[in-house]
There are 2 protein chains.
Amino acid sequence: MANFHYNPHISVDCVIFGFDDERINILLIKRKQEGKNIYALPGDLVRKGEDLDHAATRVLFELTNLQNLYLEQFKTFGSPDRINDPLDIEWVNSIREHPEVRVITIAYNSLVKVEDVEFAPASFAEEVLWHPIDKPQKLAFDHNDIANTGWAMLREKIKREPLIAFSLLPEKFTLRQLQTLYEAIVGSSLDKRNFRKRMLRNKFLVALEEKQSGVSHKPAQYFKFDEAIYKEDFAKDQWFLF
Amino acid sequence: MANFHYNPHISVDCVIFGFDDERINILLIKRKQEGKNIYALPGDLVRKGEDLDHAATRVLFELTNLQNLYLEQFKTFGSPDRINDPLDIEWVNSIREHPEVRVITIAYNSLVKVEDVEFAPASFAEEVLWHPIDKPQKLAFDHNDIANTGWAMLREKIKREPLIAFSLLPEKFTLRQLQTLYEAIVGSSLDKRNFRKRMLRNKFLVALEEKQSGVSHKPAQYFKFDEAIYKEDFAKDQWFLF
DNA sequence: TTGGGTAAGTGTATTCATTACACTATCTTT
DNA sequence: AAAGATAGTGTAATGAATACACTTACCCAA
């Protein structure tokens, strides 16, 4: 790690969401400690003089090699006893210059297209993995609280501004992918015909020439999300899916 | 100020909303400096070992003498140059033990019933006043940013969960008051008959025996918000006004 | 080449909520 | 007793949401 000065009181943690055409996953960091696998959200201390959003952007970039991602601060966690598991305390003692100070962490949600991610041989991560958001997994520190809150707030946010869900899809996608994504977000299944009817009302969904190939059934048409059309023709809340 | 130990790195600021039957206002603190009136949001440093929510609750209580208010953290402001106005710097130098450290502040929205507020002769406030949220007013530090963000997020929040708007109304209120409140939130006027029709679908609005008196026109009926009925009969999103 | 498997793609009728809109009722004041 | 002021009320038209079943196009295997 280069010779940066860190503010020992403030950190950022990132809940990074990705969609694999089936479920929504988050990125976790795995570390080995006393023979156990410990999972945690990616995060880092904020540097002296560094803006909070910048710190989050930096963590994301170091981990995924991506920039200009959807990124939103969603809550700050500052309970004085955020760190109380002996293993976590030991870990903090081993990596922090000032392990005794109270750290408050600003949590961010981020959305990535999984196929764009290039896992860097990250300096601070032993292993990085995608974990389904709806599959329970004990995390270090208060990261279960952080991840659950982030997921709840993301769902609310997307219900209000469904636009941002497109950050989770590839450039071209089928309506089936889009529907599966929305089903994962609302947590229930939707009627195919009604879903298409509503979606295709939105002019910013444009059909491409291209079709699926190599699938053993009628190939689906690809669509893209046209941001220019979206911005021209649609005020923020002129469309609502839910 | 009692002999508490403060964490010099972390503060909370509160955007406290009140409704006066006409407009929505926020609570501001006025200080005099070099002959000028400077306005700021109420806030304080967090104490050592104190939870963030506790600090916000404490600021609210010291200021309004109220407890159990609607309170929600909405964003953390941590730009390294949050404090750059010379007057603000001078002020910070005069009151802070460690004026040079970078302070990040966790901002909270809070809703109060204005008639319940008893302004305490607050230790840290020279004067406290209600200021209309839609009337521009330069504030100290980055408090304009904080107040504007808080107001925007409150509006979004209430559109999703209109329930919480009742925290701004007295125990008993008329439908006209309720409508004016919603108009202030959405920023446009609503049709009276349609508004009543939709509102009265919600069983948790119960008519009281009592009517207005002393008004020089047909007196309006009073209603109350029945939280028990709300909780029994209504899932969170079974009603939506917007 | 043909038949079976599989998901894509399509339309209509019903129900329900939203909107637009104007007059009467009840109290106070003069 | 009349004037002023706001409360309180109903209906018709429009548009959105829902429920629901069959045909199409491709791959694969026999």
Side-chain angles (χ1 to χ4, degrees), chain A residues 20-23 159-160 162 169-170 172-203 205-224 234-242, chain B residues 20-22 159-160 162 169-170 172-203 205-224 233-242:
Chain A
D20 63 5
D21 284 4
E22 203 167 329
R23 346 170 61 169
K159 287 182 192 175
R160 246 178 318 153
L169 289 175
K172 61 182 189 192
F173 49 83
T174 67
L175 290 179
R176 179 72 250 176
Q177 285 177 289
L178 184 57
Q179 184 176 339
T180 305
L181 172 57
Y182 276 103
E183 287 173 340
I185 292 163
V186 295
S188 59
S189 59
L190 304 169
D191 179 86
K192 184 165 59 161
R193 280 179 289 193
N194 294 335
F195 180 83
R196 289 166 161 260
K197 207 189 314 171
R198 280 177 297 174
M199 270 299 168
L200 295 174
R201 271 211 296 270
N202 301 311
K203 303 268 175 53
L205 265 188
V206 303
L208 304 176
E209 295 300 309
E210 204 178 344
K211 289 185 175 184
Q212 264 183 332
S213 64
V215 290
S216 73
H217 54 77
K218 178 169 180 176
Q221 175 141 157
Y222 281 118
F223 288 80
K224 70 165 184 174
F234 292 81
K236 236 185 188 176
D237 34 25
Q238 260 182 312
W239 77 298
F240 271 105
L241 183 55
F242 305 100
Chain B
D20 63 6
D21 284 4
E22 202 166 331
K159 287 182 192 176
R160 246 177 320 153
L169 288 176
K172 59 182 190 195
F173 50 85
T174 66
L175 289 180
R176 178 72 250 175
Q177 285 177 287
L178 184 57
Q179 183 175 343
T180 306
L181 173 58
Y182 275 103
E183 287 173 338
I185 292 163
V186 296
S188 59
S189 60
L190 304 169
D191 179 86
K192 183 165 61 161
R193 279 178 290 191
N194 294 336
F195 180 82
R196 289 165 161 260
K197 204 190 316 171
R198 281 178 297 174
M199 269 300 169
L200 295 175
R201 272 210 295 270
N202 301 310
K203 303 267 175 51
L205 265 190
V206 302
L208 304 175
E209 297 299 310
E210 203 177 345
K211 289 185 176 186
Q212 265 182 333
S213 65
V215 289
S216 72
H217 54 75
K218 179 171 177 176
Q221 174 141 159
Y222 280 119
F223 287 80
K224 70 165 184 172
D233 299 1
F234 292 81
K236 235 183 188 177
D237 33 25
Q238 261 182 311
W239 77 297
F240 273 105
L241 183 55
F242 308 99

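So you know, we letter chains A, B, ... as the sequences are listed, proteins then strands, and number each from 1. Both backbone and side-chain heavy atoms feed into the values below; hydrogens, waters and symmetry mates do not.
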How does each nucleotide of nucleotides 22-30 of chain C score, in 5' to 3' order, for protein heavy atoms under 4.0 Å: base (B), sugar-phosphate only (S), or none (-)? B--BBBS--

The answer to which of B:T174 and A:Q212 contacts DNA chain D further toward the 5' end, by nearest nucleotide, is B:T174

Without decimals, in angstroms, what is the distance between A:R176 CZ and C:dT6 P? 16 Å

Just how far, in rounded Å, is P of C:dT10 from CZ of A:R198? 17 Å

Between A:F195 (CZ) and C:dG9 (C1'), how many Å, whole number? 14 Å

Once you round it to whole Å, what is the distance between C1' of D:dA25 and CD of A:E210? 17 Å

Give the nucleotide from the list D:dA19, D:dG10, D:dA7 with an atom nearest to the side chain of A:N194. D:dA19

5'-most contact on DNA chain D: B:L200 or A:D191, nearest heavy atom basis? B:L200

Ignoring hydrogens and angles, write down the donor-acceptor pairs under 3.5 Å from the side chains of residues 172-181 of chain A, residues two or more places apart or on other chains.
from   : atom 1 : to     : atom 2 : distance (Å)
A:K172 : NZ     : A:E210 : OE1    : 3.0
A:K172 : NZ     : A:E210 : OE2    : 2.6
A:T174 : OG1    : A:R176 : N      : 3.4
A:T174 : OG1    : A:Q177 : N      : 3.1
A:R176 : NE     : A:T180 : OG1    : 3.3
A:R176 : NH2    : A:E183 : OE1    : 3.2
A:Q177 : OE1    : A:T174 : N      : 2.8
A:Q177 : NE2    : A:D21  : OD1    : 2.9
A:Q177 : NE2    : A:D21  : OD2    : 3.0
A:Q179 : NE2    : A:E183 : OE2    : 3.1
A:Q179 : NE2    : A:L190 : O      : 2.9
A:T180 : OG1    : A:R176 : O      : 2.9

Under 4.0 Å between any heavy atoms, over every strand shown, what does A:Q221 touch: base, sugar-phosphate, or nothing? Just pick one. sugar-phosphate

What is the distance from CG of A:L190 to P of D:dA17, rounded to the nearest Å? 13 Å

Show every donor-acceptor pair shorter than 3.5 Å between a side-chain atom in residues 212-223 of chain B and any protein atom, with sequence neighbours excluded, or say none if there are none.
from   : atom 1 : to     : atom 2 : distance (Å)
B:Q212 : OE1    : B:A220 : N      : 3.0

Please tell me if A:R201 has a side-chain N or O lying less than 4.0 Å from either OP1 or OP2 of D:dG15. no

Does C:dG9 have OP1 or OP2 sitting under 4.0 Å from an N or O in the side chain of A:R196? yes

What is the distance, rounded to the nearest whole Å, between atom OH of B:Y222 and atom P of D:dA7? 11 Å

Send over the distance from A:N202 CG to D:dA16 P, rounded to a whole Å. 12 Å

Non-neighbouring partners of B:N194 that pass side-chain hydrogen bond (donor to acceptor under 3.5 Å, both in side chains), sequence neighbours left out: B:D191, B:K197

Measure from NZ on B:K197 to P on C:dA20 and round the result to the nearest Å. 11 Å

